[in-house]
**Q** 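After the structure tokens below, expect a handful of questions from me.
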Number of protein chains: 2
Amino acid sequence: MATSARRGPYFCGVDAAMDVVSGKWKSLILWELHEHGTLRFAELRRGLPGVSEKMLVQHLREMEEDGLVNREVYPVVPPKVEYSLTEHGVSLNAALEAMALWGQERIERIGAEKISTEAA
Amino acid sequence: MATSARRGPYFCGVDAAMDVVSGKWKSLILWELHEHGTLRFAELRRGLPGVSEKMLVQHLREMEEDGLVNREVYPVVPPKVEYSLTEHGVSLNAALEAMALWGQERIERIGAEKISTEAA
DNA sequence: GACGGTACGCACCTCGGGGTGAGTACCGCA
DNA sequence: TGCGGTACTCACCCCGAGGTGCGTACCGTC
């Protein structure tokens, strides 16, 4: 998806949740917003090394449509937009925490490298 | 991926977990195996309406490499292979349950349709 | 006057995830 | 004798997710 939201018939809850998180950066965006609270566009971009601006905008728009993030636009001269999690975003993140723990164990188990940005 | 496992550097635990679940049917396979315990190839296929055999084999192989599923081959004349979850698969599924719950709420919230196969 | 920053929109292109369909060795059953 | 089932493998193709790059309106500042 990422360009075309499914919101279609799902097999089960996992499917529905994955639909919302599918996209290379969705989960990372959730995580960043979860760790830092409220972030501006450029701050998010700096927090996700490697993400393209197009993708960030695209993902943020979809997540806004999905009711995961709040998008607050300040009509000031240098554009300023702040992103934060909605209650649904927060609850989804809570669900993701279980995944994060499992992933952590897996990382240690297989001895994979980890990209530390600043807070992750 | 699905053909080329990353196992590469991860941003965080979520990323690592998502890597293992990324793939159109991975999570569904986990779920099927979780609900039915041990399944044969054809049983899995029947449980996942729409999956192609190629994808099933491919995903199962990767999940075996990732240590999520056990693959037991019986050298009998009509081929017989049984798939079941390893302890890591079980624990991953536990993490997925949180996602499933969230997804369920989302399904009800947005009023999306759901494909009921037989037990999901 | 030029450059950098902010938050994007748009066009173009690539690459690989995933689908389709055929082939395989062997058996049971009608 | 031929069809269907088991568990695949292999070859080919397609589409869309995601990357790259350029343009924008406006400002501060150097």
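Below, each value reflects all heavy atoms present in this structure, side chains not excepted, and no hydrogens, waters or symmetry copies. Within every chain, numbering begins at 1; the chains are lettered A, B, ... in the order of the sequence lines, protein sequences first and strands thereafter.
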**Q** Rounded off to whole Å, could you give me the CD-to-C1' distance for the A:Q58 and D:dG21 pair?
**A** 16 Å

**Q** Would you mind listing the cluster partners of A:Y74? Hydrophobic ones only (ILVMFWY), side-chain contacts under 4.5 Å, chaining allowed.
**A** A:V76

**Q** With a 3.5 Å distance limit and no angle check, can you tell me whether A:T86 reaches the backbone of A:G67 through a side-chain donor-acceptor pair?
**A** yes

**Q** Does a side-chain N or O of A:H59 approach OP1 or OP2 of D:dA17 to a distance below 4.0 Å, or not?
**A** no

**Q** Anything under 3.5 Å between a donor and an acceptor, one on a side chain of residues 91-102 of chain A, the other on a protein residue two or more places apart or in another chain? List them.
**A**
| unit_1 | atom_1 | unit_2 | atom_2 | d |
| --- | --- | --- | --- | --- |
| A:S91 | OG | A:E87 | O | 3.3 |
| A:S91 | OG | A:H88 | O | 2.9 |
| A:S91 | OG | B:W102 | NE1 | 2.8 |
| A:N93 | ND2 | A:L30 | O | 2.9 |
| A:W102 | NE1 | B:H88 | O | 3.3 |
| A:W102 | NE1 | B:S91 | OG | 2.8 |

**Q** One character per nucleotide, please: for nucleotides 3-9 of chain D, 5' to 3', B when the base has a protein heavy atom closer than 4.0 Å, S when only the sugar-phosphate does, - otherwise.
**A** ---BSBS

**Q** In the hydrophobic clustering that connects Ile, Leu, Val, Met, Phe, Trp and Tyr at side-chain heavy-atom distances below 4.5 Å, which members other than A:V77 occupy its cluster, ordered by chain and number?
**A** none

**Q** For A:E53, check salt bridge (Lys or Arg N to Asp or Glu O under 4.0 Å) against everything at least two apart and list the hits.
**A** A:R45

**Q** What is the separation between atom CG on A:L56 and atom C1' on D:dT20, rounded to the nearest whole Å?
**A** 15 Å

**Q** Between C:dT20 atom C1' and B:K24 atom NZ, what is the distance in whole Å?
**A** 13 Å

**Q** Output all residues satisfying side-chain contact (heavy atoms from CB on, under 4.5 Å) with B:R71, sequence neighbours left out; order by chain, then residue number.
**A** B:R61, B:E64, B:V73, B:V81, B:Y83

